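Computed from a prediction, not measured in an experiment: that's the story for all the values here. Every chain is numbered from 1 and lettered A, B, ... according to where its sequence line falls, protein lines coming before strand lines.
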Amino acid sequence: MRGVLVTGSDTTLGERLVRALLADESVGHVVAVGRRPPEQALPLVTQSRMTYLPVDLTRERRVHDLLFGPARDLGVEVVVHTAFAGTALDEGGSVHAQNVDATRQLMNLCERHPTIQRFVLRSFAEVYQVQHDLPVLIAEDHLLNLKANAPQYVRDRVEADLHACVRMGLSRLRILVLRCAEVLAPGTGSQIFDYLESPVCFRPMGYDPMLNLLSLQDFTRAFVAAVHAEQQGVFNIPGADTLPLSLAITKWGRIGISVPGSWMTPLYRWRNRVRGHDFRYGMNRRRFHYSGVLDGRRAREELGYLPSAGINWPIR
Amino acid sequence: MSMLPVAARLFAAARLPEAELKRLQGLAYGDAGHGYDPFGLHPDFVAFGEALTRPLYERWFRVRSSGHEHLPATGPGIIASNHSGAIPLDSSMIWTDVVRHTNPPRVARPVADHFVPMIPVVGTVFARAGMVGGSRQNAAALLDRGDLLLIHPEGVPGIAKHFKDRYHLQEWRVGHVELAIRHRAPVIPTAVVGAEEQMPQVGRIPIAFWGLPFIPITVPPFPLPVRYHLRYGAPIALHERYTPDQADDPAVVREGAAEVKAAVQGLIDGMLAERKGIFT
C-alpha cells in the first residue's frame, strides 16, 4: 500500500493511529492531517515516511488542494477520517460543519480522486439507541438514535454515519464505517472518561447497566485492520472490557453513590457549571439505566478484529 | 444500593452449604472479561439467588420436581412453561430447580417482559441472576451461545388470569417455537402446579410507572404455603423436523406452538390428577 491519509491526527486517537501505521511496514507513507500548526501537533513530524499538514477540513478548497496535491503525489490509497468535534458542549453551525459537512465534502472529493480507493470513517457507539425494550447486544442493524431531542453531539454523528452508509454501493470507493465503543482515554471526547474523572460518581439508584469500553490499543488495531481490509460495510468495534457501571467506578478508585434518578440531571448540571466538565447526564440517561454492549461478531469474521487489550485501570 | 459481587458472595456463603457453593463454582457461562456476561449475569449473584430462594423452595413451597433428565446438560434449549400466581414466583422456582438439579449447574435464563428491566433494583438483581429483557435478539443471542432459556409463552396474561381460569392455558404465543427452529434448540415443555392457588387474584390496580401493567389485588396479600409441583416433559425436537428457513412459515410455527401447548397442558392435567391437595 502506497499511502494512508489520517484526519484528526493531532488528537489522542489520531496520533496513536499514525504511530501504528508508521509501525506497519506495509504502509508506504502516512499523510497526517490536523488543525494545529506542525510545531504544536505531532512529535513525529521528522519521520521520513510521514507528512503532517495542517488543514481546516471545513474549507472545501483547502481539502480539495490537499487531496489533489500532496495526497495524489504521495499515492494515498486510503483515507481514515477521525476528525470530529471532541466535546459534547460544542454546539452550533461550525461544529456541524466540522462533523458532518466536512465528512460529506471529504467523501465527495475522494470519490473522484485518481488514487484513493478506500474510505474509513470513525463512527461511534453513541449513534445507537439504548432503551429497556431493545437488545442488550447491539448488532450493526440496531436502531439508530434519530430522536428529535437528541443532542447535537449525537445527531451530528448519526448524520455523518448515515451519509457514509448511503454512499456505500453508490460510490466507487470501498467504504468502511467503524462504530467504536467508547475509548476510555483522555482527549478522546469520551463521556464516561469525563464522568469517571470526578472523585465522586453519582449513578441512578437501582440501576447498574453493562458497558463496553475500548482501549487505545484495540482502537488502533481495528483501524489498521480496516486500512488493509478488502470488504466494505458497517462494523461494530467493541472493547475487551464489558462490565457494569458500578465496577467501572470501583476500578477507577472512585466513590460511587446511588441517588434517585431525578437528582442526576441537576447534580451534573451543577457540576458542569462549577467545574466546567464535559459530561452531560441528559445525553447518557438511558445508558445509565439500560445495558448496551456492542456485538463485534462482524468485525471478527470479516476484519479479523478481536478485542484483546483491556483497559489498564485506573487511567491517569 | 451496591451491586458488588462481594456482598452477594458473603450472603450466599452465609446461607448455602459449602458443597453447594463449591458446585456452583462450576457454573458454565460466557464471561465477557470482568466476571460478568454481556447481559449482566454474574455467578456470585446466581449463588445469591439460590440462597435467597432456598427457603421458599425448600420450606415454603416444598417443591417436588421430576423430569430433570430432559434438561439438556449442554447446548441450547428452551424451557416453555405455564405462568401463574399473580407474582412470578413460578419462574423463580423453575430457575432454582434448574440450578439445583443440573450438574455442572446451568442457569435457566428467564426471558422477561419489556417492563422488568425498568424496575429499579429488581431489574438489576434479576439481570445478575440471568434474566434478559424480552427482545427476540436477546433470546437469539443466548441460544447461539448455547444457553438455556426459560420462556412463559402465555406472558403477563398467564400470571394475571382470574382464579376461576386456573390451569387453563391462556393465548399461547409462538415466538419460542420460531426461536427453537431457527436457532436449533429443543423445547422442553414444563408445567408448574401449585402456583395458581398461592395468591388468588380478585382485582387489579392499574398503574403508570416503570411500565408495570398493573398491581394485582390478591387474597391473601402474600403467597400461601401451597406445595409446588414441577415437571419437565420430554424435549420436542422441532429443530430436527424443520429447517431454519421454516421458522418463517406461520403454519409451521403455529403447529409447533400448539404441540408445545398440548404437551404442557398434558403435564398439568397429569399432575392435577395425581395431586392430593393444595398444601400436600
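Asp208(A) is listed as a side-chain neighbour of Arg128(B), based on a closest heavy-atom distance under 4.5 Å. Looking only at side-chain heavy atoms (C-beta outward), Arg297(A) and Asp144(B) come within less than 4.5 Å of each other. Here the side chains of Pro117(B) and His289(A) are not in contact, with every heavy-atom distance at 4.5 Å or above. At a threshold of 4.5 Å between non-hydrogen side-chain atoms, the residues Asp241(A) and His34(B) count as touching.
Between chain A and the options Pro120(B), Ala32(B), Ala127(B), Ala139(B), heavy-atom pairs under 4.5 Å are most frequent for Pro120(B). Each of Ala240(A), Ser291(A), Pro204(A), Pro244(A) has some count of heavy-atom pairs under 4.5 Å with chain B, and the biggest count is that of Pro244(A). Listed options Gly35(B), Pro38(B), Gly123(B) were ranked by heavy-atom pairs under 4.5 angstrom with chain A; first place goes to Pro38(B).
For chain B, no part of Leu211(A) is nearby; none of its heavy atoms comes within less than 4.5 Å. With a 4.5 angstrom heavy-atom cutoff, Asp37(B) touches chain A only via backbone atoms.
Atom CZ of Arg145(B) has more than 12 neighbouring heavy atoms from other residues, nucleotides or ligands inside a 6.0 Å radius. Atom CD of Gln231(A) sits in a crowded spot, with more than 12 heavy atoms from other residues, nucleotides or ligands closer than 6.0 Å. Counting heavy atoms of neighbouring residues, nucleotides and ligands inside a 6.0 Å radius, atom CZ of Arg15(B) does not exceed 12 of them.
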Residue pair Gln137(B), Leu137(A): steps toward the side-chain contact (heavy atoms from CB on, under 4.5 Å) verdict: CA-CA 8 Å; Gln137(B) 291 91 333; Leu137(A) 270 184; over 6 Å; no
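Rounded to the nearest 0.5 angstrom, Tyr36(B) OH and Met210(A) CE are separated by 7.0 Å.
Judged purely by atom type and a 3.5 angstrom limit, Tyr207(A) uses its side chain to pair as donor or acceptor with the backbone of Met118(B).
Proximity to chain A among residues 129-136 of chain B is limited to Ser135(B), judged by heavy-atom separations below 4.5 angstrom.
Across all non-hydrogen atoms, the minimal contact from Asn138(B) to Leu134(A) is ND2-O, 4.4 Å.
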